[in-house]
Amino acid sequence: MSNAAFGLPVGRGLLYLIVAGVTWGTAGAAASLAYGASDIGPVALSFWRCAAGLALLVAARLLRTRGARAVARGAVVRGAVVRGTAVRGTAVREREPLRDKVSRACVAGVCLAVFQTAYFASVEATGLAVATVVTLGAGPVLTALGARLTLGERLGQGGSFAVVGAVAGLVVLVLGGESASVRPWGVLFGLVSAAGCCGMTLVTRGRGRTGGADAAGTSVWTFAVCSLCLLPFALAEGLVPHTGRPGLLLWLLAYLATVPTALAYALYFAAAAVVRPTTVSVIMLLEPVGAAVLAVGLFGEPLTPTTLAGTLLMLGSVAGLAAAERRRATDEEEPVLA
């Protein structure tokens, strides 16, 4: 059964991942500004980001459900018959048992909590550049191994070259020409963050392969579990920060909750269900590309040869892997002739 059978073509999933990766590129910078504007800690920052993002996702889901009911009522009035989840022209999606949905959401929520909090802790401990390289650089490697062991998905020689090229471009882009302080605790937090992202990607892909993918529901359940996991640790760390610039801090928290959280993760969960995990992790390397474009376009930082070379190397690797993913999806959808 093709991935598109569950409502999202692979090509659109790749586009969703690109948008999510670029918007995630602004989260680290917003976290650094929040640290400078207050005494907020990484766990509290993750909690407020997840809790506010959850509120936005729930509100969007309620509005979507209300709109769907209105459309269904109109269809019934016009004489159309709608039974369950089967609608003319679309494939029937199997309902995932509630117990399986809750268990997968718990795993994904814990992984999300680890991913976000460990990344923010890495930024705080060793700086944005090193934290980004360690977290995002280790992500594709761990995900490729995890996908091979748990899902039986082979990366192939071309995919291996793409991963190596993307990680090399990441190192050149983020560390090239810059002085960076590497601290062991920051590196360790970055590796833990990469492991959390890997687990979340594999769980989401597993749901997509079994036909239980529901991007909106997955996002809500995952963020609910993540918020509950973070709450006691955020209370211990200090839930309400002290700041002399409350307006700036509130704006940063609102931005974190809206763009790189509610929007980006909704796109991510929809796409990760239909795209191979290693491809997902490589496309997510666009995060520092988005940060670099933001720095050059909005903050007037110079476009150095190192920045340009790293960006082109990463974009080339991502484009190659995305093209291979689309070809693979097309081959799977072609009918087998007897």
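Keep in mind the model is a prediction, meaning the values are calculated, not measured.
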Q: Could you walk me through whether Glu237 and Phe47 pass side chain to side chain contact (heavy atoms under 4.5 Å, CB included), step by step?
A: CA-CA 11 Å; Glu237 183 183 66; Phe47 169 77; over 6 Å; no
Q.
Is there a side chain to side chain contact (heavy atoms under 4.5 Å, CB included) between Val107 and Val225? Walk through the geometry before answering.
A. CA-CA 9 Å; Val107 174; Val225 173; over 6 Å; no
Q: Give the intermediate values and the outcome of side chain to side chain contact (heavy atoms under 4.5 Å, CB included) for residues Ser38 and His242.
A: CA-CA 6 Å; Ser38 67; His242 299 89; over 6 Å; no
Q. Are Thr201 and Tyr268 close enough, and set up right, to give a side-chain hydrogen bond (donor to acceptor under 3.5 Å, both in side chains), and what steps lead you there?
A. CA-CA 9 Å; Thr201 301; Tyr268 163 83; 2.6 Å; yes
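By the ring-ring contact (aromatic ring centres under 6.0 Å, His included) test, Tyr16 is found to be paired with no residue, residues two or more places apart in sequence or in another chain being considered. For Ser193, the side chain to side chain contact (heavy atoms under 4.5 Å, CB included) test picks out Phe115, Ala118, Tyr119, Thr135, with sequence neighbours left out. Remark: Ser46 pairs with Thr117 by the side-chain hydrogen bond (donor to acceptor under 3.5 Å, both in side chains) rule, at least two apart or across chains. Partners of Ala195 under the side chain to side chain contact (heavy atoms under 4.5 Å, CB included) rule, at least two apart in sequence or in another chain, are Leu142. With sequence neighbours excluded, the residues satisfying side chain to side chain contact (heavy atoms under 4.5 Å, CB included) with Val58 are Leu54, Leu62, Val220. Qualifying ring-ring contact (aromatic ring centres under 6.0 Å, His included) partners for Phe233, counting only residues two or more places apart in sequence or in other chains: none. Residues passing the side chain to side chain contact (heavy atoms under 4.5 Å, CB included) test with Thr261 are Arg49, Phe223, Tyr265, sequence neighbours excluded. Residues passing the side-chain hydrogen bond (donor to acceptor under 3.5 Å, both in side chains) test with Thr143: none are found, sequence neighbours excluded.
Note that CG of Leu191 and SG of Cys198 are 12.0 Å apart. Values are rounded to the nearest 0.5 Å. Taken from SG in Cys50 to CG in Leu45, the straight-line distance is 9.5 Å, to the nearest 0.5 Å. For the atom pair OG1 (Thr222) and CG (Leu112), the distance works out to 7.0 Å, reported to the nearest 0.5 Å. Annotation: the span from Thr243 atom OG1 to Ile40 atom CD1 amounts to 9.5 Å, rounded to 0.5 Å. We find the CG-CH2 distance between Leu57 and Trp221 to be 14.5 Å, quoted to the nearest 0.5 Å. The SG atom of Cys226 sits 11.0 Å away from atom CG of Leu231, with the distance rounded to the nearest 0.5 Å.
By the criterion of side-chain heavy atoms lying less than 4.5 angstrom apart, applied directly or through intervening Ile, Leu, Val, Met, Phe, Trp or Tyr residues, Val19 is grouped together with Met200 in one hydrophobic cluster. In terms of hydrophobic clustering, with Ile, Leu, Val, Met, Phe, Trp and Tyr side chains grouped at heavy-atom distances under 4.5 Å, Leu230 and Tyr35 are assigned to a common cluster. A continuous path of Ile, Leu, Val, Met, Phe, Trp and Tyr side chains, each step under 4.5 Å between heavy atoms, connects Val275 with Leu267, placing both in one hydrophobic cluster. Taken together through direct or relayed side-chain contacts under 4.5 Å among Ile, Leu, Val, Met, Phe, Trp and Tyr, Leu235 and Val43 form part of one hydrophobic cluster.
Side-chain N or O atoms of Trp48 include one that pairs as donor or acceptor with a backbone N or O of Leu239 at under 3.5 Å.
Looking only at side-chain heavy atoms (C-beta outward), Phe120 and Phe189 stay at 4.5 Å or farther from each other. Taking 4.5 Å as the limit, some side-chain heavy atom of Val280 sits within range of a side-chain heavy atom of Leu17. Residues Ile18 and Ile283 have side chains in contact (heavy-atom distance under 4.5 Å, counting atoms from C-beta outward).
Across Cys111 and Gly196, no two heavy atoms sit closer than the pair CB-O, 3.3 Å. Nearest heavy atom pair, residue Ser122 against residue Gly186, reads OG-O, 2.7 Å.
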Sequence neighbours excluded and cut-off under 3.5 Å, please list the side-chain donor-acceptor pairs for residues 245-260, or say none.
| from | atom 1 | to | atom 2 | distance (Å) |
| --- | --- | --- | --- | --- |
| Arg245 | NH2 | Gly36 | O | 3.4 |
| Tyr255 | OH | Thr26 | OG1 | 2.7 |
| Thr258 | OG1 | Ala254 | O | 2.8 |

